[in-house]
Engineer: 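Dropping a structure here in structure tokens format, bear with me for questions.
Only a predicted model underlies this, so the values are computations on that prediction, with no experimental measurement involved. One-based numbering along the sequence shown.
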Amino acid sequence: MKVCVLKGGSSLERAVSLRSAARVEDAVSALGHEAVGIDVGQDLVGVLREQRPDVVFIALHGPGGEDGTVQELLEILALPYTGPGVAACALCMDKVAAKHEMRAADIPTPDWAAFNATAFRELGAADTLEEIEERLGFPLVVKPASQGSSLGVEFAAGRDEVPVALLAAFSYDDRVLLERYVKGRELAVGVLDGEALPVVEAIPREEDFYNFEARYEIGRTDYVCPADLPDEETRRVQELATSTYQTLGCSGFARVDLILGDEGPRVLEVNAIPGLTDTSLFPMAAEAAGIDFTGLVERILTSARERPATLPA
Ligand SMILES: Nc1ncnc2c1ncn2[C@@H]1O[C@H](COP(=O)(O)OP(=O)(O)O)[C@@H](O)[C@H]1O
Ligand SMILES: [Mg+2]
């Protein structure tokens, strides 16, 4: 079988993608298949036409690769690809749209308010900030609707910090959300073919409340899998993750990020193409379930080949 591994691209998560892809290419080769890495760019369609792969492994993260764009091209080329389909990718990449779907399906997600840049520029949206702040309370979290890896995610401890946080978020995306801060344990649940993997907990070594990006540097956070939770809580969190995956229409695999607060788990977001590097949470969870990385790649390839295409034949 020939597997083209899509990697790189122009998103801010390019570096993570290259690391995910290197590992995937090794696993594809270890499975006895032919692996062809493709750094995606202008010539993508031509290269794919020439290569004629049996399946395409999408190891791209962030806008462009994870938001349905590449998936749509692959549908047109009638090439099977890994991970969720076009619609699910588009939903997961837009935190606001995803939260609306969750709310409609009674999946608990922190309360929020969203704006796009036009609302600010042309409709005086800034005049509603006071109501929003009152409703959500402080601290609150400001984030761009798209992006990942905590890029552009900021806390505002009080009213005076909101404008700067909004500006930062708007520098990443035209759409931002303000979200109620949930205090609790940070969990991530990988879902493989609709089945939840063991729960991962991210435990920051020092409570560095304001600097998120630093929090994710190697060595500043400990990851525990399976998370130390009572069985009943584990089941509840896993069920919530699988129902979120289904609600957003995911297939293949995805990772659900949650916070377990005093009032129960709250879903923050779903990553349609979670990181697959050697420090990433999804492979760690698979490992805890007894699925090594090569076995994981095999499962993902199989489900890609079994998923029906979205476009009519
Ligand atoms: N509402 C919230 N309450 C508390 N912490 C949050 C909240 N939203 C985000 N965070 C923190 O920011 C991190 C990144 O937010 P997330 O919504 O998962 O976006 P990203 O796509 O950048 O991963 C989370 O893992 C969590 O640590
Ligand atoms: Mg996240």
Side-chain angles (χ1 to χ4, degrees), residues 12-13 62 93-100 102-103 107-121 123-188 200-224 227 237 240 255-271 281:
L12 295 167
E13 291 169 272
M93 182 45 62
D94 182 342
K95 290 188 170 80
V96 177
K99 284 170 74 76
H100 279 289
M102 289 186 226
R103 181 181 273 174
I107 289 168
T109 184
D111 191 13
W112 81 97
F115 294 116
N116 57 37
T118 313
F120 266 90
R121 270 198 315 264
L123 301 171
D127 294 339
T128 64
L129 281 176
E130 211 173 307
E131 277 103 320
I132 294 170
E133 290 162 0
E134 220 151 87
R135 192 175 94 211
L136 302 179
F138 286 104
L140 55 77
V141 186
V142 181
K143 46 183 142 176
S146 60
Q147 293 303 334
S149 300
S150 299
L151 293 166
V153 177
E154 302 267 349
F155 282 126
R159 185 152 290 172
D160 52 323
E161 292 180 9
V162 172
V164 174
L166 277 174
L167 270 182
F170 272 125
S171 75
Y172 286 94
D173 196 359
D174 279 354
R175 195 131 89 116
V176 303
L177 60 154
L178 292 88
E179 194 173 65
R180 176 168 293 156
Y181 172 78
V182 183
K183 190 173 164 50
R185 295 168 70 178
E186 274 198 46
L187 307 177
V200 182
E201 179 172 11
I203 306 174
R205 291 228 175 123
E206 53 223 276
E207 203 47 67
D208 191 355
F209 199 70
Y210 295 101
N211 188 351
F212 262 115
E213 278 154 45
R215 237 164 104 165
Y216 290 90
E217 277 164 23
I218 294 178
R220 309 253 334 229
T221 304
D222 291 316
Y223 296 99
V224 179
V237 166
L240 182 56
R255 195 190 80 221
V256 182
D257 287 350
L258 318 93
I259 296 191
L260 180 58
D262 290 342
E263 284 159 30
R266 296 284 181 272
V267 178
L268 290 182
E269 61 150 353
V270 178
N271 297 282
L281 308 187

Engineer: Check E179 with K99, please: is the shortest side-chain N to carboxylate O separation under 4.0 Å?
Structural biologist: yes
Engineer: Answer yes or no: is there an ion pair linking R135 with D111, defined by an N-O contact shorter than 4.0 Å?
Structural biologist: yes
Engineer: Mind checking ring-ring contact (aromatic ring centres under 6.0 Å, His included) for F120 and listing every partner two or more places apart, or none if nothing turns up?
Structural biologist: F115, F170
Engineer: Give a yes or no on this: more than 12 heavy atoms of other residues, nucleotides or ligands lie within 6.0 Å of atom CG of D160.
Structural biologist: yes
Engineer: What are the two closest non-hydrogen atoms of L178 and L140, and how far apart are they?
Structural biologist: CD2-CD1, 4.0 Å
Engineer: E269 versus N271: any side-chain heavy-atom pair under 4.5 Å?
Structural biologist: yes
Engineer: Could I get the full list of side chain to side chain contact (heavy atoms under 4.5 Å, CB included) partners for T118, not counting sequence neighbours?
Structural biologist: N116, R121, E122
Engineer: Would you mind reporting whether T221 and I203 have side-chain heavy atoms less than 4.5 Å apart?
Structural biologist: no
Engineer: How close do V182 and G261 get, heavy atom to heavy atom, and via which atoms?
Structural biologist: CG1-CA, 4.3 Å
Engineer: Grab the two heavy atoms, one from P110 and one from L268, that are nearest each other, plus how far apart they are.
Structural biologist: CG-CD2, 3.9 Å
Engineer: Name all residues meeting the salt bridge (Lys or Arg N to Asp or Glu O under 4.0 Å) criterion together with D173; count only those two or more places apart in sequence or in a different chain, and write none if there are none.
Structural biologist: none
Engineer: Can you name the residues that form a side-chain hydrogen bond (donor to acceptor under 3.5 Å, both in side chains) with R175, not counting sequence neighbours?
Structural biologist: D94
Engineer: Determine the minimum heavy-atom distance between P144 and G152, stating which atoms define it.
Structural biologist: CD-O, 3.3 Å
Engineer: Can you name the nearest heavy-atom pair linking A188 to D257, along with the distance?
Structural biologist: CB-OD1, 3.8 Å
Engineer: Determine, step by step, whether R103 and W112 satisfy the side chain to side chain contact (heavy atoms under 4.5 Å, CB included) criterion, reporting the C-alpha distance in whole Å, the side-chain angles of both residues, the deciding distance to 0.1 Å, and the verdict.
Structural biologist: CA-CA 11 Å; R103 181 181 273 174; W112 81 97; 3.3 Å; yes
Engineer: Determine whether V256 and L187 make a side-chain contact, defined as any pair of heavy atoms from C-beta on separated by less than 4.5 Å.
Structural biologist: no
Engineer: Go through the structure and list residues passing side chain to side chain contact (heavy atoms under 4.5 Å, CB included) with A168, not counting sequence neighbours.
Structural biologist: E154
Engineer: Partners of E133 by side-chain hydrogen bond (donor to acceptor under 3.5 Å, both in side chains), sequence neighbours excluded?
Structural biologist: R159
Engineer: Partners of R266 by side-chain hydrogen bond (donor to acceptor under 3.5 Å, both in side chains), sequence neighbours excluded?
Structural biologist: none
Engineer: Could you go through the side chain to side chain contact (heavy atoms under 4.5 Å, CB included) check for V200 and V224 one step at a time?
Structural biologist: CA-CA 6 Å; V200 182; V224 179; over 6 Å; no
Engineer: Mind checking side-chain hydrogen bond (donor to acceptor under 3.5 Å, both in side chains) for D174 and listing every partner two or more places apart, or none if nothing turns up?
Structural biologist: none
Engineer: Not counting sequence neighbours, which residues clear side chain to side chain contact (heavy atoms under 4.5 Å, CB included) with A98? List them please.
Structural biologist: M102, L248
Engineer: If you apply the rule side chain to side chain contact (heavy atoms under 4.5 Å, CB included), what do you find for R185 with I259, and how did you get there?
Structural biologist: CA-CA 5 Å; R185 295 168 70 178; I259 296 191; over 6 Å; no
